[in-house]
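To keep things clear, I will list the structure first and then write my remarks on it.
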There are 2 protein chains.
Amino acid sequence: MSLRHALLALLEAGPLTGYQLAKQFDRSVAFTWHARHSQIYTELRRLEHDGFVESAEAPRGGSARAVKRPYSLTRDGAGELERWVTEVEDAAPIRDPWHVKAQYLEFGSYENARRQFRAHREQYVILRDRYERHVEDLRNADTALIKRRLDKAEPSAHRAIVTFKVHAYANLIARARLEISWADEGLSLVDSMELADGASGDEEPVHRPSVQ
Amino acid sequence: MSLRHALLALLEAGPLTGYQLAKQFDRSVAFTWHARHSQIYTELRRLEHDGFVESAEAPRGGSARAVKRPYSLTRDGAGELERWVTEVEDAAPIRDPWHVKAQYLEFGSYENARRQFRAHREQYVILRDRYERHVEDLRNADTALIKRRLDKAEPSAHRAIVTFKVHAYANLIARARLEISWADEGLSLVDSMELADGASGDEEPVHRPSVQ
DNA sequence: AGCTCCATGTAAGTCGTTACATGATTCA
DNA sequence: TGAATCATGTAACGACTTACATGGAGCT
């Protein structure tokens with residue numbers, strides 16, 4: 001149920017159409033919660049049905065034929081947001097395809113294990129850089145979203161609004177760094193195992209999966 | 001699609017019934033991939049339909065009425081396992097309810113933020129301890145599963161089998177520690193913000209979510 | 001006789017993905 | 001005139017959850 005609340009949180013900064021919301025989403029919440037545009041549109045309709053947001057039909061462009069639909073938060077939606085933030089969540093069920101595979105790399109060659117660790121490393125280098133850029137923007141209050149939020153909020157709340165977000169991203173950055181150095185350790189681990197085994201560079205599985 | 005491959009990997013160590021599989025699962029793969037028993041049963045049927053495992057009906061207990069169904073890996077299943085381990089996965093879509101909330105803690109009171117960080121901390125203390133116990137068992141080859149796997153594999157592969165698993169869990173432990181110290185940082189962050197704001201101990205939201 | 005564990009599922013529903021479908025506006 | 005972007009969705013399917021359903025075996 002995080003999608004709904006993420007959307008409510010975005011709308012708390014002011015009305016947005018589904019499309020704008022989806023784009024804002026990709027630039028902020030998507031770092032912690034991935035969602036497709038199609039899902040955002042359907043969730044918005046559900047939120048409207050539940051009374052947490054309301055929408056209007058607005059003209060788009062000069063001619064009157066094209067239409068867009070700005071959504072805004074209702075009083076109930078604001079209440080739901082407040083309730084949600086007070087609620088303590090259960091630990092999220094862990095579901096990590098890469099770590100499942102990492103447990104069973106012996107079914108492939110050492111060279112394959114290296115490929116896997118390198119790919120993992122590259123993915124997290126990209127994420128780390130993206131997070132770092134974003135946290136920089138947050139610190140400088142330099143995104144459309146954070147500007148809208150600060151504009152709307154009492155100045156006394158500005159520090160908290162920025163600080164909580166920066167702290168959340170600090171965690172993501174630290175996590176990305178962890179994955180990178182862990183992948184590096186994996187790489188040297190593979191090297192040392194291969195050396196100890198006397199094998200070298202071939203593509204034979206370390207332990208070929210077999211029946212029975 | 002990690003569930004299927006996790007099940008295949010478990011069966012590579014030898015035949016197991018759905019129930020045994022579910023229990024082994026909870027004690028190993030579940031640390032990286034959560035699944036309910038009901039889902040495991042249905043996935044096993046699907047794997048059988050796809051030809052990756054096969055099952056037999058075996059009597060259970062003395063009387064012949066009760067039945068259990070041991071599954072075993074087929075040649076195709078072993079091949080699929082080998083293919084899977086060679087395949088490089090895309091980065092998993094991020095979906096983390098807690099970090100979504102952590103970005104918006106200003107909608108609650110400072111005291112609430114503390115509650116949230118404390119709950120987060122406690123969850124990861126439990127996980128850390130669980131991982132640490134498990135990695136100890138792995139290192140000592142002291143779980144039913146790892147014993148079966150080592151029994152079956154060539155001695156030359158033993159080191160790799162254990163090392164890859166231990167390394168995977170080392171990552172989970174490091175991650176849990178990260179979350180714990182991050183929660184601690186969060187707690188002192190809240191204290192210092194509250195102090196700077198002159199507020200103290202009440203349950204007023206730092207920035208009450210509002211409409212428009 | 002009653003409890004715990006072994007054992008195997010089904011059914012309904014939610015959440016999310018993938019692919020499709022359509023068309024207007026804006027700018028070069 | 002054509003490409004990029006704005007804009008809003010639907011349909012089918014797959015993965016996962018929750019709740020239900022049943023009953024034997026083994027032990028005290």
Side-chain angles (χ1 to χ4, degrees), chain A residues 1-7 15-27 29-30 32-50 53 55-71 89-97 100 144, chain B residues 1-7 15-27 29-30 32-50 53 55-71 89-97 100 144:
Chain A
M1 301 291 270
S2 291
L3 178 57
R4 353 191 61 199
H5 297 105
L7 294 175
L16 289 169
T17 69
Y19 187 79
Q20 291 174 314
L21 210 37
K23 290 190 65 182
Q24 291 304 333
F25 192 92
D26 287 343
R27 288 179 200 138
V29 195
T32 49
W33 193 272
H34 168 83
R36 303 264 166 204
H37 289 200
S38 67
Q39 204 191 346
I40 291 176
Y41 281 113
T42 30
E43 193 60 40
L44 281 169
R45 290 291 188 171
R46 271 190 53 203
L47 282 167
E48 185 166 30
H49 173 265
D50 294 344
V53 305
S55 72
E57 268 194 12
R60 173 161 75 93
S63 90
R65 282 213 303 293
V67 175
K68 58 184 175 183
R69 177 173 294 278
Y71 285 87
E89 317 243 353
D90 291 341
I94 295 163
R95 213 162 264 134
D96 184 338
V100 175
Chain B
M1 303 288 273
S2 290
L3 178 56
R4 353 191 62 200
H5 297 105
L7 293 174
L16 289 169
T17 69
Y19 187 80
Q20 291 173 314
L21 211 36
K23 289 192 64 180
Q24 291 305 331
F25 192 92
D26 287 344
R27 288 178 201 139
V29 196
T32 48
W33 193 273
H34 168 83
R36 302 264 168 206
H37 288 199
S38 67
Q39 204 191 346
I40 291 176
Y41 281 111
T42 30
E43 193 60 40
L44 281 169
R45 290 291 190 173
R46 271 190 54 203
L47 281 168
E48 184 167 31
H49 173 264
D50 295 344
V53 305
S55 73
E57 270 194 8
R60 174 160 74 93
S63 91
R65 284 214 301 293
V67 175
K68 60 184 172 181
R69 178 172 293 278
Y71 285 88
E89 318 244 353
D90 292 341
I94 295 162
R95 211 163 268 133
D96 183 338
V100 174

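Here is the naming used below: chain letters follow the sequence lines, and residue numbers restart at 1 for every chain.
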Taking atom P of C:dC15 as reference, at what distance in whole Å does atom CG of A:Leu47 sit?
11 Å
I want to check something: taking the side chain as every heavy atom from C-beta on, are B:Pro97 and A:Trp33 in contact at a cut-off of under 4.5 Å?
yes
Output the rounded distance in Å from CZ (B:Arg60) to P (C:dC6).
10 Å
Both A:Arg36 and B:Pro70 contact DNA chain C. Which one's nearest nucleotide lies toward the 5' end?
B:Pro70
So how far is it from B:Glu57 CD to B:Arg69 CZ, rounded to the nearest 0.5 Å?
4.5 Å
Would you find a donor on one side and an acceptor on the other, under 3.5 Å apart, between the side chain of B:Glu43 and the backbone of B:Leu3?
no
So does B:Thr42 reach the base of C:dT10 with its side chain, donor to acceptor, closer than 3.5 Å?
no
So CG of B:Leu44 and CZ of B:Arg4: to nearest 0.5 Å the spacing works out to 10.0 Å
Do the side chains of B:His5 and A:Val100 get nearer than 4.5 Å, heavy atoms only?
no
Quick one: B:His37 NE2 to C:dC6 P, roughly how many Å, whole number?
11 Å
Interatomic distance where CZ belongs to A:Arg69 and P belongs to C:dG23 [whole Å]
18 Å
Nearest-nucleotide wise, let me know which of B:Lys68 and B:Pro93 is further upstream toward the 5' end of DNA chain C.
B:Lys68
Spacing of B:Arg95 atom CZ relative to C:dC15 atom C1', expressed in whole Å:
9 Å
The side chain of B:Gln20 lies closest to which of these nucleotides: D:dT10, C:dA7, C:dT25?
C:dA7
Would you tell me if any nitrogen or oxygen in the side chain of B:Gln39 comes within less than 4.0 Å of OP1 or OP2 on D:dA15?
no
Taking CD from A:Glu43 and P from C:dT14, how many angstroms apart are they, rounded to a whole number?
12 Å
For B:Tyr41 and C:dA11, what is the distance between atoms OH and C1' respectively, to the nearest whole Å?
17 Å
Report which part of the nucleic acid A:Arg46 touches: base, sugar-phosphate, or nothing (heavy-atom distance under 4.0 Å, all strands).
sugar-phosphate
May I ask you to say what B:His34 touches in the nucleic acid, namely base, sugar-phosphate or nothing, with a heavy-atom cut-off under 4.0 Å?
sugar-phosphate
Could you give the OH-to-P distance, from A:Tyr19 to D:dT5, as a whole number of Å?
8 Å
Below 4.0 angstrom from OP1 or OP2 of D:dC6, is there any side-chain N or O of A:Lys23?
yes
